[in-house]
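Below is one structure, written out as structure tokens, with a few remarks after it.
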Amino acid sequence: MKPTKPFAITKRKFFNFFFSLLALNFILTSCGNSNLENIHKQDDFNLDWSFYLSKDSVEVASIKEWAKVNLPHDWAVANEFDSTLVDDAFATGYLNSEGYGYYKKTFNKDYNEGEVTYIHFDGVYNNSEVWLNGKKLGFHPYGYSPFYFQISEYLNKDGKNNELLVKVDHSRYADSRWYTGAGIYRNVELITLNKIHIPVWGTFVTTPNVSKENATVQLNIDVKNDFSSEENLTVATQLIDADGNKVAETTSEVSLNGNSKSEVLQQIDVANPKLWGIEVPNMYKAITTLSKDDKVLNIYETPFGIRTIKFDANTGFYLNGENMKIKGVCLHHDAGLVGAAVPKGVWKRRLQILKDGGSNAIRVSHNPASSEFLDLCDEMGFLVQDEFFDEWDNPKDKRFNQNESKSTDYITRGYGEHFQEWAKKDLTNVMLSHRNHPSIFQWSIGNEIEWTYLHYRYITGFWNDPKDATKMDGSFWGAPPKFTPEELKARYDASEKGEYILADTAKKLSKWVKELDTTRPVTANLILPQVSHVSGYTDAIDIVGYSYRNSVIPWGQTHFPEKLITINENPGTWDDWKQVMQFPGVFSQFMWTGIDYMGERHEKWPAKS
């Protein structure tokens with residue numbers, strides 16, 4: 001293990017900040033504009049909150065004593081481990097997070113009719129409601145997806161004593177796998193912009209053509225005009241390398257109707273690009289300026305990397321043209337004593353340990369990562385499989401993996417309660433927020449989803465008791481499939497399907513992904529792949545990731561040679577790695593897990609992780 005270097009981290013941050021200022025100064029000087037007011041103000045909104053925790057839902061006016069807290073904040077990790085929760089909360093590490101959390105922040109902000117203001121949350125666990133000055137902004141149930149609200153119209157006109165209130169309902173305290181934390185556990189930002197601006201998550205940078213001599217950088221830029229009048233604008237983008245050098249630029253003209261949004265497409269060639277890779281993760285910044293009559297209205301900065309990825313069913317994975325094996329690990333989002341509110345420095349230390357041990361990839365399982373985590377993966381050279389969901393149409397058991405019928409009580413009601421209404425919104429938010437990270441090389445639409453469609457297990461032939469879905473043939477984990485694809489297809493067609501069809505949901509999710517990004521493949525973590533190969537599930541995804549099913553790989557490659565089959569989860573033993581080396585096209589394994597996590601203890605008190 002290499003020693004940490006706090007000064008080096010500070011130095012790097014200093015130079016990033018310094019060169020951003022240089023670029024900003026160059027842009028403003030070239031525009032002949034010295035008025036910096038309200039170009040793009042992004043405030044850290046983490047300090048000076050008030051917090052109250054109640055077992056029951058209460059009226060805010062009745063709260064007399066508030067505790068002072070800073071964000072990110074996880075109220076669950078402050079509690080003591082409780083042996084009485086062996087039956088209920090061993091899935092979340094025997095920590096009692098039950099309750100309703102109330103967060104309040106009072107702030108002053110000058111009101112300007114020419115501005116728009118957003119409040120941005122990177123993650124709140126969970127079932128959160130947000131108010132500003134008594135006006136409800138909205139509800140957000142998913143604890144792992146980012147979200148924001150436009151709050152301009154609700155700000156006090158005198159600029160004083162604005163009150164932001166967030167209510168978090170975690171009365172369902174065993175509602176996910178595994179340790180969730182509770183509260184506003186990721187960063188919050190207040191963003192102030194001119195009414196002519198690039199909105200939150202408003203850019204998408206891709207690199208469609210890359211060689212050693214030249215790279216084409218493509219920017220899809222949303223430009224929003226919240227004025228009622230038509231506006232004629234100049235959209236200028238400069239590309240800045242990690243040393244602060246301007247390497248390329250381009251300019252576009254655009255005319256926007258009042259109260260409208262338009263997409264501006266720009267392509268810029270970069271000579272002799274410095275590629276993002278595992279060993280040398282070179283980063284660039286696209287600094288986009290909106291101006292009118294030489295007056296700067298908005299500046300938007302997008303970090304990105306130039307790299308290529310390729311996947312082949314016969315030869316595996318290529319990064320920047322180099323064939324490589326993925327030595328990955330799965331990681332949950334908690335970090336021991338700090339719970340889910342993980343400081344960036346903690347993640348940096350943990351990732352460096354993994355890097356020093358030879359790991360080159362992370363599967364964020366089973367839910368989307370924070371923006372800070374992905375920033376570190378960009379900076380440190382980790383590939384990332386970003387995973388959206390652990391459950392879809394039907395609930396997963398939060399106490400045991402397989403017997404979903406037990407997960408029917410109130411405290412375990414999780415995202416399955418909201419999936420039909422919220423899945424597209426949450427998937428979209430995650431992708432818009434994350435898709436400029438060069439570290440992300442796969443989108444995973446789900447983890448071991450087959451467990452929640454009970455007929456899948458019976459089709460395999462390893463489960464035979466219709467009254468007890470937990471009784472299986474003990475040879476399942478190490479045995480090849482019992483049937484041919486044709487026999488499995490016949491068994492699938494004859495099975496009772498239930499209200500939802502897994503393959504149909506997978507196709508819907510994959511379609512939503514492709515609408516937002518066609519540069520990365522769609523994968524999923526399959527626990528019963530022999531059935532998924534014949535049910536239509538694997539037809540919905542580009543890469544079939546097996547979960548603990550090494551014994552199925554020869555069968556899968558024999559019968560479905562055109563499908564790219566690899567390993568998305570396994571224990572990470574030497575035998576597992578031999579599968580990666582032995583089978584053509586199998587390019588990855590993600591060891592469960594890279595770092596221990598709280599939860600999934602199955603009544604093994606006092607062990608908590």
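The residues of the chain are indexed from 1 along the displayed sequence. As a basis for the values below, the full set of heavy atoms in this structure was taken, side chains included, without hydrogen atoms, waters or symmetry mates. Keep in mind that this is a model prediction, so the values were computed, not measured.
Cation-pi check for Lys497 over Tyr453 is not met; the charged atom does not lie both under 6.0 angstrom from the ring centroid and within 45 degrees of its normal.
Judged purely by distance below 3.5 Å, without hydrogens or angles, the side chains of Thr180 and Thr92 never pair a donor atom with an acceptor atom. Using modelled atom types, one finds no donor on one side chain facing an acceptor on the other under 3.5 Å when comparing Ser547 with Asn568. In this model, no donor atom of one side chain and acceptor atom of the other lie less than 3.5 Å apart for Thr206 and Thr519. Defined by atom type and a distance below 3.5 Å, a donor-acceptor pair is missing between the side-chain atoms of Tyr500 and Thr505.
Rounding to the nearest 0.5 Å gives a distance of 5.0 Å between CG of Leu383 and CD1 of Ile326. Separation of atoms CZ (Phe373) and NE2 (His434) is listed at 11.0 Å; rounding is to 0.5 Å. To the nearest 0.5 angstrom, Thr308 atom OG1 is 10.5 Å from Asn209 atom CG. The distance from atom CG of Leu564 to atom CG of Asp542, rounded to the nearest 0.5 Å, is 9.0 Å.
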Determine whether Asp175 and Thr412 satisfy the following criterion, side chain to side chain donor-acceptor pair (under 3.5 Å), listing intermediate values before the conclusion. CA-CA 4 Å; Asp175 63 341; Thr412 64; over 6 Å; no
Would Asn214 and Ser211 count as a side chain to side chain donor-acceptor pair (under 3.5 Å) if you check the C-alpha gap in whole Å, the side-chain angles of each, and the deciding distance to 0.1 Å? CA-CA 5 Å; Asn214 188 76; Ser211 68; 5.8 Å; no
Apply ring-ring contact (aromatic ring centres under 6.0 Å, His included) to the pair Tyr125 and Tyr144, showing each step before the final yes or no. CA-CA 7 Å; Tyr125 206 89; Tyr144 300 102; 5.3 Å; yes
Residue pair Tyr142, Phe147: steps toward the ring-ring contact (aromatic ring centres under 6.0 Å, His included) verdict: CA-CA 10 Å; Tyr142 197 31; Phe147 61 101; over 10 Å; no
Go through Thr523 and Gln385 one step at a time and tell me if the side chain to side chain donor-acceptor pair (under 3.5 Å) criterion holds. CA-CA 9 Å; Thr523 187; Gln385 182 186 118; 4.9 Å; no
Take Lys325 and Trp577 through the test side-chain contact (heavy atoms from CB on, under 4.5 Å) and record every step on the way to the result. CA-CA 10 Å; Lys325 300 295 186 182; Trp577 185 244; 3.6 Å; yes
Between Glu372 and Asn187, is the side chain to side chain donor-acceptor pair (under 3.5 Å) condition met? List the steps. CA-CA 9 Å; Glu372 278 192 335; Asn187 291 320; 3.2 Å; yes
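Ring centroid separation for the pair Tyr597 and Trp592 comes in under the 6.0 Å cut-off. Aromatic rings from Trp463 and Phe476 are positioned such that their centres are separated by under 6.0 Å.
Distance alone, capped at 3.5 Å, is enough to place a donor-acceptor pair between the Asn323 side chain and the Thr315 backbone. Here the side chain of Ser365 pairs no donor or acceptor atom with the backbone of His332 at under 3.5 angstrom. When atom types are taken as modelled, the side chain of Arg457 and the backbone of Thr452 share no donor-acceptor pair closer than 3.5 angstrom. Side-chain atoms of Tyr284 come within 3.5 Å of backbone atoms of Lys274 as a donor-acceptor pair (strictly under, hydrogens ignored). Under the 3.5 Å distance criterion, the side-chain polar atoms of Asp122 are left unmatched by any main-chain donor or acceptor of Pro146. Between the Asn436 side chain and the Thr203 main chain, a donor and an acceptor come within less than 3.5 Å of each other. Checking side-chain atoms of Glu448 against main-chain N and O of Ile527 turns up no donor-acceptor pair under 3.5 Å. At least one donor-acceptor pair under 3.5 Å links the side chain of Lys398 to the backbone N or O of Lys396. Listed for the Asp386 side chain is no donor-acceptor partner under 3.5 Å among the backbone atoms of Pro368. Using modelled atom types, no side-chain atom of Arg435 and backbone atom of Asp517 make a donor-acceptor pair closer than 3.5 Å.
His333 is listed as a side-chain neighbour of Arg186, based on a closest heavy-atom distance under 4.5 Å. Within the 4.5 Å cutoff, side-chain heavy atoms of Leu351 are placed close to those of Ile362. By the 4.5 Å heavy-atom criterion applied to side chains, Ile309 and Pro521 are counted as neighbours. When side chains are defined from C-beta on, Ile278 counts as touching Lys355, because their heavy atoms get closer than 4.5 Å.
Taking all atoms of both residues into account, the shortest heavy-atom contact from Ala524 to Tyr537 is CB-OH, 3.3 Å. Here the closest non-hydrogen pair linking Glu569 and Cys330 is CG-SG, 4.2 Å.
By the 4.0 Å N-to-carboxylate-O rule, Glu515 lies close enough to Lys511 to be salt-bridged with it. With respect to the salt-bridge test (charged N to carboxylate O, under 4.0 angstrom), the residues Asp393 and Lys508 do not qualify. Lys482 and Asp473 are joined by a salt bridge, as a carboxylate oxygen and a charged side-chain nitrogen come within less than 4.0 angstrom of each other. For the pair Arg177 and Glu600, the salt-bridge criterion is not met [side-chain N within less than 4.0 Å of a carboxylate O].
Under a cut-off of 6.0 angstrom, the local environment of CD in Glu562 is crowded, with over 12 non-hydrogen atoms contributed by other residues, nucleotides or ligands. Within 6.0 Å of the CG atom in Leu337, the count of heavy atoms belonging to other residues, nucleotides or ligands does not exceed 12. No more than 12 heavy atoms of other residues, nucleotides or ligands sit less than 6.0 Å from atom NZ of Lys425.
Each of Asn126, Asp426, Val124 was scored for a side-chain contact (heavy atoms from CB on, under 4.5 Å) with His140, with one residue passing: Asp426.
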